[in-house]
Amino acid sequence: KAGVTQTPRYLIKTRGQQVTLSCSPISGHRSVSWYQQTPGQGLQFLFEYFSETQRNKGNFPGRFSGRQFSNSRSEMNVSTLELGDSALYLCASSLGPAQAPGELFFGEGSRLTVL
Amino acid sequence: GENVEQHPSTLSVQEGDSAVIKCTYSDSASNYFPWYKQELGKGPQLIIDIRSNVGEKKDQRIAVTLNKTAKHFSLHITETQPEDSAVYFCAPRESGGSYIPTFGRGTSLIVHP
């Protein structure tokens, strides 16, 4: 069974640009959540989608957005990039909505560097 | 929201020693207590979890103990091996309701051969 796939794995952008990251969940998983990981702030929750609906959102500015498609694949977008957006962006999938206790399956992440 | 504290932030042990990492949380409604392991260059992976109706769970060299009264749970690794070297995260949460997952800041475990 294929795991969670994130693309691209690495990317470099300059301030002011925008970026789109993609996440393909494990087959059959309907929930996808996104996280930002930095040395200073650790793992922080961005948002969660279940059946194409955003269920919850973390404390990030509106420049961070996402969506989920009917096949459960998800994308997140960051507009007007800032230096502080440099981070590892992780997505995780799970069978049911994230409110239900259960394992989160993480991808290997997309490492974004903003110059 | 949930406040999660994880200690220690770094733990260095000799191969074969035991390691214990503690996670303290604030939300008494939390009822699911997982531990994740993140190796260099990879995403976190669940290694063990426990629900609030159980006090302890063991899986080979790894165990988790829960003290709901004191609101903390701990990861125990016995007979540590170099491949146990990684960053470990706790992420207690409540089922149902609004889901804003909170992770501990992580513990870097270094196992010296």
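The structure presented is a predicted model; accordingly, all values stated were derived computationally and were not measured.
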Engineer: Taking NZ, NE, NH1 and NH2 as the nitrogens, is one of them in A:R63 or A:E82 under 4.0 Å from a carboxylate oxygen of the other?
Structural biologist: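 Salt bridge flag = yes for A:E82 with A:R63.
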Engineer: Do any of residues 105-115 of chain A come closer than 4.5 Å to chain B, heavy atom to heavy atom, and if so which ones, in number order?
Structural biologist: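 Answer by number: A:F106, A:G107, A:E108.
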Engineer: Side chain from CB out, backbone as N, CA, C, O: work out which of these in A:L43 comes under 4.5 Å of a heavy atom of chain B, or both, or neither.
Structural biologist: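 Looking at A:L43, backbone and side chain both touch chain B.
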Engineer: Using non-hydrogen atoms only, which part of B:P44 is less than 4.5 Å away from chain A: side chain, backbone, both, or neither?
Structural biologist: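 Looking at B:P44, backbone and side chain both touch chain A.
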Engineer: Sort and list the pairs that fulfil salt bridge (charged side-chain N to carboxylate O under 4.0 Å, His left out) and have at least one residue in residues 73-92 of chain B, not counting sequence neighbours.
Structural biologist: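 Sorted result for residues 73-92 of chain B: B:R61-B:D84.
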Engineer: If we define contacts as heavy-atom pairs under 4.5 Å, which of B:Q38, B:K42, B:R105 has the most with chain A?
Structural biologist: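 Counting heavy-atom pairs under 4.5 Å, the top option is B:R105.
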Engineer: Can you list every ring pair (Phe, Tyr, Trp, His ring centres under 6.0 Å) pair that touches residues 2-26 of chain B, not counting sequence neighbours?
Structural biologist: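 Residue pairs passing ring pair (Phe, Tyr, Trp, His ring centres under 6.0 Å), neighbours aside: B:Y25-B:F33.
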Engineer: Please determine whether a side-chain nitrogen of the Lys or Arg among B:K71 and B:D27 lies less than 4.0 Å from a carboxylate oxygen of the Asp or Glu.
Structural biologist: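 Judged by the 4.0 Å cut-off on N to carboxylate O distance, B:K71 and B:D27 do not form a salt bridge.
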Engineer: Name the region of A:Q6, side chain, backbone, both or neither, that has any atom closer than 4.5 Å to a heavy atom of chain B.
Structural biologist: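 Neither part.
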Engineer: In chain order, what residues pass the ring-ring contact (aromatic ring centres under 6.0 Å, His included) check against A:F69, with sequence neighbours excluded?
Structural biologist: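 Expected list: none.
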Engineer: Judged by modelled atom types alone, do A:R73 and A:S22 share a side-chain donor-acceptor pair under 3.5 Å?
Structural biologist: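 There is such a pair between these side chains.
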Engineer: Give a yes-or-no answer on whether the side chains of B:Q45 and B:E39 include a donor-acceptor pair shorter than 3.5 Å.
Structural biologist: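 There is no such pair (donor and acceptor under 3.5 Å, judged by atom type) between the side chains of B:Q45 and B:E39.
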Engineer: Does any donor atom in the side chain of A:S33 or A:Y35 lie under 3.5 Å from an acceptor atom in the other side chain?
Structural biologist: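 The criterion, which ignores hydrogens and geometry beyond distance, is satisfied for A:Y35 and A:S33.
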